[in-house]
Amino acid sequence: MTDFALLISDWYRLNARELPWRSTKNAYFIWLSEVILQQTRVDQGMKYYLNLIENYPNLKQLADADEESILKLWQGLGYYSRARNLHKTAQQVRDEYQGEFPKTYSEIIQLKGIGPYTAAAISSFAFDLPHAVVDGNVYRILSRYYGIDEPIDSTQGKKTFQALADSLIPSSDPALFNQAIMEFGAMQCIPNNPNCESCVLNQSCFSAFNSELIKKLPIKKGKTKVRKRYFHYLHIENKHEIALDQRTGKDVWEKLYEFPMIESTDESIPLIFADSAQLIYQTKHILSHQHIYAFFYTSDKSEIAGLDFKFVEKSHFEDYPIHRLMEKYLESNSK
DNA sequence: TTCCCGGCGG
DNA sequence: CCGCCGGGAA
């Protein structure tokens with residue numbers, strides 16, 4: 001057994017909360033609790049669990065219930081497909097497994113509403129099978145303890161963490177290890193500001209006391225929610241001068257120079273230069289976190305109400321730092 | 001008030 | 001890879 005497994009199991013023996021579904025080997029109760037605890041915290045799920053087992057003390061009674069009655073007991077918990085799948089699975093176990101919860105991982109994971117996490121949890125907690133659970137807690141602990149920087153929301157990353165967890169889980173009392181690692185994540189190696197001083201893993205943990213690292217792990221690619229923005233640029237120049245403006249504020253291209261610009265919420269030409277400007281170039285400029293729809297207009301006006309800019313000598317234009325979007329426009333314009 | 005989080009199914 | 005949902009953090 002690894003040091004990691006030893007330390008975390010010892011920690012669990014001393015620090016485990018007493019929860020009703022932890023003191024049973026009844027697969028029905030364990031399944032019910034695990035489905036409730038998907039996307040749900042213990043303190044929120046507890047009363048639903050107690051209420052459900054009181055109303056449906058065994059799997060057959062759940063299977064025989066109306067879907068609507070189950071949904072009523074589920075009310076307020078969210079993710080109602082869990083309740084509907086619960087009912088379907090209860091009926092399936094009643095009809096195809098003679099009411100006896102299946103005892104192998106491969107059978108369990110085929111049931112509705114049961115994915116890799118829940119199948120591993122039931123397999124180990126009810127049947128002592130060595131399938132490692134990998135939930136948000138496990139990603140967090142393993143990435144920090146071993147210093148793993150693979151994104152947990154990629155297919156490859158999920159494989160890496162599952163394989164690592166499966167390699168760590170001991171064949172003797174795998175249930176204890178699974179309980180321990182999740183409890184440890186919930187109580188000790190918490191998402192923000194975990195207390196490394198009081199941690200039993202702090203001598204061997206890759207990230208211990210390194211708050212910068214702890215903040216970064218586990219790494220997520222994230223759903224790059226791209227913001228759409230619409231920039232309308234005015235190209236104004238005379239014989240010797242050209243209009244420029246310096247970007248300010250906490251935004252892209254801070255302090256770089258560009259043509260005077262209006263940002264709008266859509267692609268229609270801003271009213272204040274609609275009458276005098278002529279669209280000559282447009283492009284979509286893609287950054288990691290935003291898509292900028294850029295429109296370049298020419299104008300012979302030397303001032304526009306509401307636009308702030310200065311004229312610079314064309315001979316010095318090259319001295320001003322500009323961003324890639326400006327370059328793209330200038331390249332297109334010189335052709 | 002908005003942002004972030006999370007197992008599973010489609 | 002996104003939508004399901006509600007709670008808690010920011």
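These values consider heavy atoms only, across backbone and side chains, with no hydrogens, waters or symmetry-generated copies. A note on names: the letters A, B, ... follow the listed sequences, proteins ahead of strands, and every chain is numbered from 1. Being a predicted model, the structure only gives us computed values, none of them experimental.
Remark: P of B/dG10 and CZ of A/Arg84 are 10 Å apart, rounded to the nearest angstrom. Atom-to-atom, CH2 of A/Trp31 to C1' of B/dC8 comes out at 15 Å; the value is rounded to the nearest Å. For A/Asn137 and B/dC5, the CG to P distance is 14 Å, given to the nearest whole Å. Rounded to whole angstrom, the span from the NZ atom of A/Lys215 across to the C1' atom of B/dC4 amounts to 17 Å. Atoms CG (A/Asp135) and C1' (B/dC8) sit 14 Å apart, rounded to a whole Å. Between the CD atom of A/Gln44 and the P atom of B/dC5 there is a distance of 18 Å, given to the nearest Å. As rounded to whole Å, 17 Å separates atom P of B/dC4 from atom CZ of A/Arg140. Separating the CG atom of A/Leu77 from the P atom of C/dC5 is a distance of 12 Å, rounded to the nearest angstrom.
Counting atom types as modelled, A/Tyr79 pairs no side-chain N or O with a base atom of C/dG6 as donor and acceptor under 3.5 Å.
Using a 4.0 Å cut-off between charged side-chain N and carboxylate O, A/Lys328 and A/Glu331 make no salt bridge. The pair A/Lys72-A/Asp66 does not meet the salt-bridge criterion, since no charged nitrogen lies less than 4.0 angstrom from a carboxylate oxygen. A/Asp149 and A/Lys216 are not joined by a salt bridge, as no carboxylate oxygen comes within less than 4.0 angstrom of a charged side-chain nitrogen.
Among the nucleotides C/dG7, B/dG7, C/dC5, the one closest to the side chain of A/Gln39 is B/dG7.
A close approach under 4.0 Å does occur between a side-chain nitrogen or oxygen of A/Thr118 and OP1 or OP2 of B/dC8. Here A/Lys112 reaches the OP1 or OP2 of B/dG10: one of its side-chain N or O atoms lies under 4.0 Å away. For B/dG6, neither phosphate oxygen OP1 nor OP2 lies less than 4.0 angstrom from any side-chain nitrogen or oxygen of A/Tyr139. For the pair A/Lys220 and B/dC5, the criterion of a side-chain N or O lying under 4.0 Å from OP1 or OP2 is met. An OP1 or OP2 oxygen of C/dG8 is reached within less than 4.0 angstrom by no side-chain nitrogen or oxygen of A/Asn192.
Side-chain contact, A/Gln162 with A/Lys159: no donor N or O sits under 3.5 Å from an acceptor N or O.
With A/Arg247 contributing its side chain and A/Glu258 its backbone, the two residues share no donor-acceptor pair below 3.5 Å.
Toward the 5′ end of DNA chain C lies the nearest nucleotide of A/Thr155, the other residue of the pair A/Thr155 and A/Ser81 mapping further downstream.
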